[in-house]
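Throughout, a chain's letter reflects where its sequence line sits, starting with A, and its residues are numbered from 1. Below, each value reflects all heavy atoms present in this structure, side chains not excepted, and no hydrogens, waters or symmetry copies.
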Number of protein chains: 2
Amino acid sequence: MSSNPPNSNNNPAAVNTGGAGGSSPTFSPLYQQIKALITQSLQSGEWKPGELIPSEVELANRFKVSQGTVRKAIDELAAENLVMRKQGKGTFVSTHHEARAHFRFLRLMPDEGVPHYPESKFIEVKRTRAPADVARLLDLKSGDAVIFVKRVQSFDGVPTIVEELWLPGLTFKGLTAERLEEYKGPMYGLFESEFGTRMIRATEKIRAVCATEGDAALLKIAVNTPLLASERVSFTYGDKAVELRRGLYLTERHHYHNELN
Amino acid sequence: MSSNPPNSNNNPAAVNTGGAGGSSPTFSPLYQQIKALITQSLQSGEWKPGELIPSEVELANRFKVSQGTVRKAIDELAAENLVMRKQGKGTFVSTHHEARAHFRFLRLMPDEGVPHYPESKFIEVKRTRAPADVARLLDLKSGDAVIFVKRVQSFDGVPTIVEELWLPGLTFKGLTAERLEEYKGPMYGLFESEFGTRMIRATEKIRAVCATEGDAALLKIAVNTPLLASERVSFTYGDKAVELRRGLYLTERHHYHNELN
DNA sequence: GAGTGGTCTAGACCACTCC
DNA sequence: GAGTGGTCTAGACCACTCC
């Protein structure tokens, strides 16, 4: 054996010059670059929701980096819920078609009993033009084509949520009341499977309001009943806003649950 | 040089038998054990909020493990906001005495303008006995000594929050209206400095309610104005509940902000 | 037994801070 | 220049899954 140190770092594929790290002004660690490459493959659909992605060893070979660097990239993707690791099996692309995912965005919990998913009744589905406020939140131009959906959701037959959704017309071309009605399970599952658009994070603003006559009729409650009003903007890859959802929640037998860490 | 492999794992201090890993029924990885040891030192006050903890190399020497194992333990502690890493300086015990920490538990944001911390006016501070519901949430016995605090918080002079706090009497012995009033900044900072109790996480249940006459008078609003009602239980080390906080938020010019990931 | 992710080590070099 | 956390590598062995 020669006296070469066993750990000399001479990765031929490192994008930054130099060994581990580098010192260009736009320096980003190698694992971040690998993470970006994996994210691209997720976004492009090279690996689809629910599918197995290549093993860490395979990805390390493909990108000409060590397994440890791939691990660190995948660690972050797993923390962001883009992939799920399963020891002994592999790493899977996350999907909204799983019990686990159903309550990631639905934070309304029953005061008593086990959380379960509500039934939907669609009130209205139409193509229209984006009002100014909707356009602003979805990063569209005022008047751009959008799809408007209004529905009521019930838990055990009790109407509890009234929601209005605004979706970019281009992304969700072909979305109809029929497709929404025949689809069982969370809408984000439908969006993922049928429109190739995966929601990966959202921001929410919550207020208290009084039920209007229209809301009261849909929820079968008295006018002026206090309701939680949520305005949610959901984002897909590249921080692109792809849904505005305004919901009214009846909190007589449910509450909005949050964990502060 | 002998032909010893350079990476044979023979850590003399590993608690589990065998090398990396182990196979006892109660197996926990080495880094989790190190994390528990560090957490103990945080809890016992060996390193106090705001202070520098020993460097990774020092901790690795102390615990007779590699720096990588210490890193993984500290990574998790940093993710849980128990410590903060600062490159080039070291790792610091987190503290509620920092701008950064102030909005970790206060999620009410102004619709316009920059978030800032509200001013408090204390309405009532008294020692009393825990009602059954409070006792249950704080893991006390009904009738145990508790401290009750009621206050109104204002943003730019506009009353916006009415809060009632219930604190275990034993933990917060000596808390008086005077100490609360003379203290500037978030209450969790006071609890941390004066009572050695650091809040590290909380769960929150949110509902919409109508302002009662009492609430309306304190917030200078009309009776029946819709308000957000938050019930928060805060925990310190060891998942011990140490505060019940019931708040009413006026959401005319503010909203509860949440990020869904 | 082969393949996967999970843990652990040792060592090199980097970015950053403080002096 | 010394000390800190941050990145990267190579390699060993483990827990777990599937056959």
Side-chain angles (χ1 to χ4, degrees), chain A residues 1 3-35 52-61 63-78 83-92, chain B residues 1 3-35 52-61 63-78 83-92:
Chain A
M1 290 291 286
S3 60
N4 274 347
N7 299 309
S8 62
N9 174 2
N10 56 352
N11 167 26
V15 176
N16 292 314
T17 57
S23 58
S24 62
T26 57
F27 165 70
S28 96
L30 193 49
Y31 78 88
Q32 287 288 358
Q33 301 173 36
I34 302 303
K35 182 186 171 190
L52 193 61
I53 75 170
S55 75
E56 295 177 355
V57 173
E58 275 182 86
L59 290 171
N61 290 336
F63 298 127
K64 299 280 178 277
V65 300
S66 76
Q67 187 186 351
T69 299
V70 171
R71 274 196 74 72
K72 193 152 187 187
I74 294 181
D75 276 348
E76 291 204 353
L77 294 170
V83 299
M84 280 185 55
R85 325 184 79 143
K86 295 188 186 167
Q87 192 180 2
K89 298 172 100 172
T91 300
F92 296 79
Chain B
M1 291 291 286
S3 60
N4 274 347
N7 298 308
S8 62
N9 174 1
N10 55 353
N11 167 24
V15 175
N16 292 313
T17 57
S23 59
S24 63
T26 56
F27 165 69
S28 97
L30 192 50
Y31 77 88
Q32 287 288 358
Q33 302 173 35
I34 302 304
K35 183 185 170 192
L52 193 61
I53 75 170
S55 74
E56 295 176 356
V57 173
E58 276 182 86
L59 290 171
N61 289 337
F63 298 127
K64 299 281 179 277
V65 299
S66 75
Q67 186 186 352
T69 298
V70 171
R71 273 195 75 71
K72 192 152 186 187
I74 294 180
D75 276 348
E76 291 204 354
L77 293 170
V83 299
M84 280 186 53
R85 325 183 79 142
K86 295 188 185 169
Q87 193 180 2
K89 298 173 100 173
T91 300
F92 296 79

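Base pairing of C:dG6: its partner is D:dC13, meeting the Watson-Crick or G-U wobble criterion (both donor-acceptor distances under 3.5 Å). In this entry C:dC18 has D:dG1 as its Watson-Crick or G-U wobble partner, both defining distances falling under 3.5 Å.
For the residue pair B:G90 and B:L52, the shortest heavy atom distance occurs at CA-CD1, 3.8 Å. Considering all non-hydrogen atoms of both residues, A:S28 and A:Q33 come closest at O-NE2, 2.9 Å. Taking both residues in full, the closest heavy atoms of B:N61 and B:K64 are given as O-NZ, 3.0 Å, listed atom of the first, atom of the second, then distance. Residues B:I74 and B:E56 approach most closely at CD1-CG, 4.1 Å, considering heavy atoms. Considering every non-hydrogen atom in both A:F63 and A:I34, the closest pair reads CB-CD1, 3.7 Å.
A close approach under 4.0 Å does occur between a side-chain nitrogen or oxygen of B:S55 and OP1 or OP2 of D:dT4. When the side-chain nitrogen and oxygen atoms of B:R71 are compared with OP1 and OP2 of D:dG6, one or more of them lie within a distance under 4.0 Å. Between B:K72 and C:dT7 there is a side-chain N or O to OP1 or OP2 distance below 4.0 Å. Contact between the side-chain N/O atoms of B:S66 and the OP1/OP2 oxygens of C:dA10 is not found at any separation under 4.0 Å. Listed pair B:K89 / C:dC18 meets the phosphate criterion, a side-chain N or O lying under 4.0 Å from OP1 or OP2.
Spacing between atom CZ of B:F63 and atom P of C:dT9 amounts to 13 Å, rounded to whole angstrom units. Whole-Å rounding puts the B:N61 CG to D:dG3 P distance at 13 Å. Distance B:K35 NZ to C:dC8 P: 13 Å, rounded to the nearest Å. Atom CD of A:E56 is separated from atom C1' of D:dA10 by 15 Å (rounded to the nearest Å). One interatomic measurement links the two molecules: CD of B:Q32 to P of C:dC8, which rounds to 9 Å at whole-angstrom precision. Rounding to whole angstrom units, NZ of residue A:K86 and C1' of D:dC18 are separated by 14 Å. When the P atom of D:dC13 is taken as reference, atom CD of A:Q67 falls 15 Å away, rounded to whole Å. Put simply, CE on A:M84 is 13 Å from P on C:dG5, counting in whole angstrom units.
Closest to the A:P29 side chain, of the nucleotides D:dG5, D:dT7, C:dT9, is D:dT7.
If B:R85 and A:T69 are placed on DNA chain D by their nearest nucleotide, the residue sitting closer to the 5' end is B:R85. Where A:Y31 and B:G90 each meet DNA chain D at their nearest nucleotide, the meeting point lying more 5' is that of B:G90.
Among the protein residues, A:Q87 comes within range of the nucleic acid bases, having at least one heavy atom under 4.0 Å from a base atom.
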